[in-house]
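Everything below concerns the one structure shown next.
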Amino acid sequence: MRPIIEFCASNMHHGTDKVMKALEQNPDYDVIEYGCLGNCGQCYMEPYALLNGEIIAAESADLLHERILEKIKEIEAMYDLLGD
């Protein structure tokens, strides 16, 4: 399972640029930046990203990073349980 993590360029004012750069360091992740992900209300209010198409949001960029990593672990555990 190769997670796809998508970021909105318009959301970078929340500090998600640092989260994106940190996640890009992992060669097992596909990290993509878009000009707009179409979630403008969410984008304006809080840091968020899409993980395999699911919105992951948090009160801070650091917490967003933690939540993304936690969700990836959950997904990997599910794949292990189901035997890929």
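In what follows, every heavy atom counts, from backbone to side chain, and hydrogens, waters and symmetry copies are set aside. Numbers here are sequence positions counted from 1.
- Residue Y29 is not grouped with residue L37 when hydrophobic side chains (ILVMFWY) are merged at heavy-atom distances under 4.5 angstrom, including chains of intermediate members.
- The two residues G38 and C36 have their closest heavy-atom pair at N-SG, 3.2 Å.
- Following chains of ILVMFWY side-chain contacts shorter than 4.5 Å, one cannot reach L50 starting from V31, and the two form parts of different hydrophobic clusters.
- Checked by atom type and distance alone, the side chain of N11 never pairs as donor or acceptor with a backbone atom of Y44 at under 3.5 Å.
- Here E70 contributes atom CD and L51 contributes atom CG; the two are 12.0 Å apart, rounded to the nearest 0.5 Å.
- With rounding to the nearest 0.5 Å, the separation of CD1 in I68 from CG in L23 is 5.5 Å.
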Donor-acceptor contacts under 3.5 Å from residues 56-67 side chains, at least two apart:
unit_1 : atom_1 : unit_2 : atom_2 : d
S60    : OG     : L63    : N      : 3.1
R67    : NH1    : A57    : O      : 2.7

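- Nearest heavy atom pair, residue C43 against residue S10, reads SG-C, 3.7 Å.
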Steps toward side chain to side chain contact (heavy atoms under 4.5 Å, CB included) verdict (H14, Y48): CA-CA 9 Å; H14 287 293; Y48 88 101; over 6 Å; no
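- A single hydrophobic cluster is not seen to contain both F7 and M45; linkage of ILVMFWY side chains at heavy-atom distances under 4.5 Å, directly or through other members, places them apart.
- Both I55 and I4 are assigned to one and the same hydrophobic cluster, defined by single-linkage of ILVMFWY side chains at heavy-atom distances under 4.5 Å.
- E74 contributes atom CD, which lies 9.5 Å from atom CE of M78 (distance to the nearest 0.5 angstrom).
- Residue pairs meeting the salt bridge (Lys or Arg N to Asp or Glu O under 4.0 Å) criterion with at least one member in residues 29-41, sequence neighbours excluded: R2-D30.
- Although no hydrogens or angles enter the test, the distance criterion places no donor-acceptor pair under 3.5 Å between the side chain of N52 and the main chain of P3.
- Residue pairs meeting the salt bridge (Lys or Arg N to Asp or Glu O under 4.0 Å) criterion with at least one partner in residues 47-58, sequence neighbours excluded, are E54-K71.
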